[in-house]
**Student:** 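Got a structure here, written out as structure tokens. Questions coming.
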Amino acid sequence: MNTIQDCYCVIMAGGIGSRFWPQSRVKRPKQFVDFFGMGRSLLQQTYERFARILPKENIIVSTHLDYSDLVREQLPDLPEEQILHEPAHKGTAPSMAFAAYHIRTLNPKANIVMAPSDQLIMNEEQFAKDIHHALAYVGGHDHLVAVGIRPTHPETRYGYIQASGEVEDGFSKIKTFTEKPELEFARLFVESGEFFWNTGLFVWNVSTIIDTMIRMLPDMAHRLDGIFREEPNRDKRRAALYECYESFPNISVDYAVIERAGNVHMLVGSFGWADMGRWDDVYRYSSKDTEGNVTHGGRVEYYNSRNNLVSAAPDKVVILQDLEGYLVNDSEDVLVICKKDEDDDFKKFRTQVMLKHGEKYM
């Protein structure tokens with residue numbers, strides 16, 4: 001019988017977070033940034049969320065080697081052995097596989113929740129209930145579980161999961177996955193009632209995910225299996241892993257496993273969820289003044305200005321006049337003033353800065 005001691009969490013904290021440039025930089029990406037002036041970064045909020053519902057010794061952070069010092073800085077109580085270092089940016093599938101084989105050496109009965117480090121959860125109590133429900137379910141079923149959220153509006157930046165009518169203990173069989181649909185299709189999805197946002201939260205038993213990976217990604221799985229079986233010493237395992245990690249495919253766990261495996265079910269979460277994907281999300285979930293302006297740091301004076309997001313150093317005086325719907329971000333050596341919801345333009349600006357002025361501004 002599985003117990004709470006058999007439940008683990010892997011927090012995925014290796015991404016670059018380029019959409020939140022210039023506050024998110026290559027050397028300090030978005031998961032390490034406090035976007036809301038709460039005194040806690042997205043990573044710290046995620047860790048604290050799971051520390052309230054799982055044993056702290058069962059929480060593992062998977063991150064790129066370059067960010068290991070940042071993890072230790074922000075989570076000083078997290079033991080070094082609970083940090084997994086990814087030697088290359090290879091997507092979530094290799095990092096997830098690495099974590100699964102590592103956890104199997106700790107507990108071959110483990111049930112695991114895989115969690116991004118950059119999400120907002122509105123109802124922490126309900127979140128804990130849903131996660132415990134999913135962990136208990138995978139302990140008795142050879143299913144992978146994707147956590148879905150009923151959409152509140154047509155959103156083109158999220159993936160969608162189509163549920164079938166077959167429900168077992170609150171878990172639905174999945175018909176289809178759709179990645180980031182056009183707006184017309186997103187509207188149809190929401191109206192149908194059959195589609196749910198894919199949160200990127202996944203839950204599984206360690207044996208089930210490893211068996212599935214052997215089917216879906218056999219070359220990578222067999223390499224990892226050999227390393228973890230033949231090298232009982234963790235330092236030697238790490239060295240062997242670093243040698244082969246570069247050869248692993250650069251692919252997400254969604255594409256590599258979840259969308260192709262036939263044993264995936266969905267739990268519809270009811271905890272309120274948002275993925276932090278761009279500056280407009282920071283605006284949406286921040287407190288606003290009577291004119292709809294959001295201020296994070298800085299001493300800002302607004303004149304005939306509304307619906308803006310301003311982020312600056314605490315002692316910086318900022319004056320806005322006749323602006324509406326703008327992002328003003330004064331960060332280190334970059335000042336950005338642009339429409340906050342023009343995502344395509346924002347990517348263009350970032351690319352042009354890199355080409356004209358160099359990577360030091362990234």
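The analysis underlying the following values was restricted to heavy atoms, covering all of them including side chains, and did not include hydrogens, waters or symmetry mates. Treat the numbers as computed from the prediction; the structure is a model and nothing was measured.
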**Student:** Going by distance alone, is a donor N or O of one side chain under 3.5 Å from an acceptor N or O of the other, for E86 and S62?
**Tutor:**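 Yes, a side-chain donor-acceptor pair sits under 3.5 Å.
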
**Student:** Quick check: do R72 and E80 have side-chain heavy atoms less than 4.5 Å from each other?
**Tutor:**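 Touching, per the 4.5 Å side-chain cut-off.
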
**Student:** Is the number of heavy atoms from other residues, nucleotides or ligands under 6.0 Å of K339 NZ greater than 12?
**Tutor:**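 Correct, the count exceeds 12.
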
**Student:** So for atom CD, which belongs to E359, do other residues, nucleotides or ligands contribute more than 12 heavy atoms lying within a distance under 6.0 Å?
**Tutor:**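 Open: at most 12 neighbouring heavy atoms sit under 6.0 Å from CD of E359.
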
**Student:** To the nearest 0.5 Å, what is the distance between CD1 (I112) and CG (N205)?
**Tutor:**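 Here the rounded value is 7.5 Å.
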
**Student:** With a 4.5 Å cut-off on side-chain heavy atoms, are M220 and I251 touching?
**Tutor:**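 Heavy-atom side-chain distance check fails, nothing below 4.5 Å.
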
**Student:** Quick check on the 6.0 Å ring-centre criterion: do Y245 and Y242 meet it?
**Tutor:**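 That pair fails the under 6.0 Å test.
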
**Student:** Decide whether Q23 and S311 meet the rule of one side-chain donor and one side-chain acceptor closer than 3.5 Å.
**Tutor:**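 Short answer, yes.
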
**Student:** Taking the side chain as every heavy atom from C-beta outward, state whether L54 and L135 have any atom pair closer than 4.5 Å.
**Tutor:**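 Yes - at least one pair of side-chain heavy atoms lies under 4.5 Å apart.
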
**Student:** Would you please classify the geometry between the W197 ring and the Y160 ring as parallel, tilted or perpendicular, with 30° and 60° separating the classes?
**Tutor:**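 Aromatic pair Y160/W197 classed perpendicular.
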
**Student:** With under 30° as parallel and over 60° as perpendicular, where do the rings of F171 and H133 fit, or are they tilted in between?
**Tutor:**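 Tilted.
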
**Student:** What are the two closest non-hydrogen atoms of T63 and I83, and how far apart are they?
**Tutor:**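 Looking at all heavy atoms of both residues, the shortest contact is CG2-CG2, 4.2 Å.
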
**Student:** Are the side chains of I214 and H222 in contact, using a 4.5 Å heavy-atom criterion?
**Tutor:**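 Yes, close enough: below the 4.5 Å cut-off.
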
**Student:** Checking ring-ring contact (aromatic ring centres under 6.0 Å, His included) between F195 and each of F177, F189, Y158, which is the one that passes?
**Tutor:**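 Output: one option passes, namely F189.
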
**Student:** Look at the rings of F36 and H296 and say which category their plane angle falls in: under 30° parallel, 30 to 60° tilted, over 60° perpendicular.
**Tutor:**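 Judged by the thresholds at 30° and 60°, the geometry between F36 and H296 is perpendicular.
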
**Student:** Under 30°, 30 to 60°, or over 60°: which ring-plane class applies to H357 and Y361, parallel, tilted or perpendicular?
**Tutor:**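 Judged by the thresholds at 30° and 60°, the geometry between H357 and Y361 is perpendicular.
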
**Student:** Run the side chain to side chain contact (heavy atoms under 4.5 Å, CB included) test on L217 and F248 for me, step by step, so that the C-alpha distance in whole Å, both residues' side-chain angles and the decisive distance to 0.1 Å come before the verdict.
**Tutor:** CA-CA 10 Å; L217 295 167; F248 290 167; over 6 Å; no

**Student:** In terms of heavy-atom contacts, does CD of E125 have more than 12 from other residues, nucleotides or ligands at under 6.0 Å?
**Tutor:**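 Atom CD in E125 is not crowded, with 12 or fewer foreign heavy atoms closer than 6.0 Å.
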
**Student:** Would you call the rings of F98 and H102 parallel, tilted or perpendicular, where under 30° means parallel and over 60° means perpendicular?
**Tutor:**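 F98 and H102: perpendicular rings.
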
**Student:** Hydrogens and angles aside, do N107 and D6 bring a side-chain donor and acceptor to less than 3.5 Å of each other?
**Tutor:**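 Side chains of N107 and D6: pair found under 3.5 Å.
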
**Student:** Measure the shortest side-chain to side-chain distance between R234 and T105 over non-hydrogen atoms and say whether it is less than 4.5 angstrom.
**Tutor:**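 SC-SC contact between R234 and T105 ruled out.
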
**Student:** Between E230 and R237, does a salt bridge (charged side-chain N to carboxylate O under 4.0 Å, His left out) hold up when you go through it step by step?
**Tutor:** CA-CA 8 Å; E230 296 168 12; R237 276 206 309 263; over 6 Å; no

**Student:** Going through the distances and angles, do R157 and D280 end up as a salt bridge (charged side-chain N to carboxylate O under 4.0 Å, His left out)?
**Tutor:** CA-CA 12 Å; R157 294 180 298 121; D280 204 37; over 6 Å; no

